[in-house]
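Written out below as structure tokens is the structure these notes cover.
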2 protein chains.
Amino acid sequence: MDQTKIFSEFLGRKGLKTTSQRKIILRAFLSSQSHCSTEDLYLKLRKSHPKIGYATVHRTLKLLVECGIAIEQHFGDGHARFEPFQFDRHHDHLVCKDCGLIIEFEAPQIEELQKMVAATHEFMIKNHRHELYGLCSRCATK
Amino acid sequence: MDQTKIFSEFLGRKGLKTTSQRKIILRAFLSSQSHCSTEDLYLKLRKSHPKIGYATVHRTLKLLVECGIAIEQHFGDGHARFEPFQFDRHHDHLVCKDCGLIIEFEAPQIEELQKMVAATHEFMIKNHRHELYGLCSRCATK
DNA sequence: ATAGATTTTGATTACCATTATCATTAATAT
DNA sequence: ATATTAATGATAATGGTAATCAAAATCTAT
């Protein structure tokens, strides 16, 4: 089942409506590069659909997160960023403090250790944040 | 060397002045419970030193971070939180999404794995964030 | 110790991403 | 097709953080 249908059914279950803007924003989000901010997506959309407002982009991204299609990230620059959720490819991020480069990494061993930590403290984990901040190889050598 | 002297020397090196407010705020910060926000500290201080303004507390906490005495944390509630830096006791945090409880955990194995991830991607790590969000045992069972 | 130079303070305002508001427009059920 | 309800888009409100500025405090050189 494609994402458009998943989103429509999600909206239907909540008594919300599948509007043309929401479909357009979903398409643009999925075809945009990952880790885009609300503003990134708004500016990108403005070229093809100048009537779509910032507030609608913002609200739709929130809905996509609630629906499970998108994940919201914060990397400390004051802009929320969004990426498509990939069920079978959980990852965390390396963030370059100089140029802003974002690299995804997968570390199943860390995930396992997290579970042990949670068990030790009798915590039921819902989600986590794990970001490594530093300099990418390019920025470290210049 | 105690923290007050460290802070004074830091200020001196930067051409800044050691004021009574800065000394008072440092003392209050060190004796406050960890993970306090600017507002927490401001309200605590107001009882004994009602003339100290919010802006001064805010600026001094930023200086303490720069000096290395404090570490700034963000747990997603929109309030920056501060805790004393402990050189030999690095830790990350479990955060209860229901009651706000914060538990510190140490996981040297995770730290090692982080170094390996960084090396793989040729990143020079400066700092990291690692937080596990969920429900504490009390909130999970009520 | 004193005077002059510079920084700090504290109150207030500005900033800016996010969120709420609301009249108009659009989607859905009957 | 119509009525009902939600969505849109422009704008204003919100709230934590940071900047501003006149008055006060600190530091340096004498």
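Proteins come first, then strands; the chains are lettered A, B, ... in the order of their sequence lines, and each starts at number 1.
The ring-ring contact (aromatic ring centres under 6.0 Å, His included) test applied to A:Y133 returns no partner, not counting sequence neighbours. Annotation: side chain to side chain contact (heavy atoms under 4.5 Å, CB included) contacts of A:H58 (sequence neighbours excluded): A:T38, A:K62. Partners of A:A140 under the side chain to side chain contact (heavy atoms under 4.5 Å, CB included) rule, at least two apart in sequence or in another chain, are A:L135, B:M124. A:R13 pairs by the side chain to side chain contact (heavy atoms under 4.5 Å, CB included) definition with A:E9, A:F10, not counting sequence neighbours. The salt bridge (charged side-chain N to carboxylate O under 4.0 Å, His left out) check on B:E104 picks up B:R89, with sequence neighbours excluded. Take B:I71 and apply the side chain to side chain contact (heavy atoms under 4.5 Å, CB included) test, not counting sequence neighbours, and it matches B:Q73, B:E83, B:F85.
Residue pairs satisfying the salt bridge (charged side-chain N to carboxylate O under 4.0 Å, His left out) criterion with at least one member in residues 115-127 of chain B, sequence neighbours excluded, are listed as follows: B:E112-B:K115. Applying the salt bridge (charged side-chain N to carboxylate O under 4.0 Å, His left out) test to pairs two or more places apart or on separate chains, those with a residue in residues 21-50 of chain B are B:D40-B:R81. For the salt bridge (charged side-chain N to carboxylate O under 4.0 Å, His left out) condition, the pairs that include at least one residue of residues 90-100 of chain B, sequence neighbours left out, are B:D98-B:K142.
Contacts between residues 60-81 of chain B and DNA chain C, defined by a heavy-atom separation under 4.0 Å, are absent.
Following rounding to the nearest Å, A:L41 (CG) and C:dT18 (C1') show an atom-to-atom distance of 16 Å. Across the protein-nucleic acid pair, A:H49 atom NE2 and D:dG9 atom C1' stand 16 Å apart, rounded to whole Å. Per the geometry, OH belonging to A:Y54 stands 18 Å off C1' belonging to C:dT21, to the nearest Å. As rounded to whole Å, 12 Å separates atom C1' of D:dA25 from atom NZ of B:K23. Between the P atom of D:dG9 and the CG atom of A:L45 lies a distance of 11 Å, rounded to the nearest Å. Counting to the nearest Å, the P atom of D:dA25 and the CD1 atom of B:I24 are 13 Å from each other. The separation between B:E39 atom CD and D:dG15 atom P is 12 Å, rounded to whole Å. The interatomic distance linking A:I52 (CD1) with D:dA7 (C1') rounds to 12 Å, in whole Å.
Where A:Y42 and A:G15 each meet DNA chain D at their nearest nucleotide, the meeting point lying more 5' is that of A:G15.
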Below 3.5 Å is the cut-off: list the nitrogen or oxygen pairs between protein and nucleotides 19-21 of chain D, distance only.
| residue | atom | partner | partner atom | Å |
| --- | --- | --- | --- | --- |
| D:dT20 | O4 | B:R59 | NH1 | 3.4 |

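In this structure, A:S8 contributes its side chain and A:K5 its backbone to no donor-acceptor pair below 3.5 Å.
Dashed line: the shortest gap from a side-chain N or O of B:H58 to OP1 or OP2 of D:dA18 is under 4.0 Å.
Considering every non-hydrogen atom in both A:C96 and A:C136, the closest pair reads SG-N, 3.4 Å.
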Classify every nucleotide of nucleotides 25-30 of chain C by which part a protein heavy atom approaches to under 4.0 Å, writing B for the base, S for the sugar-phosphate alone and - for neither, in 5'-to-3' order. -BBS--
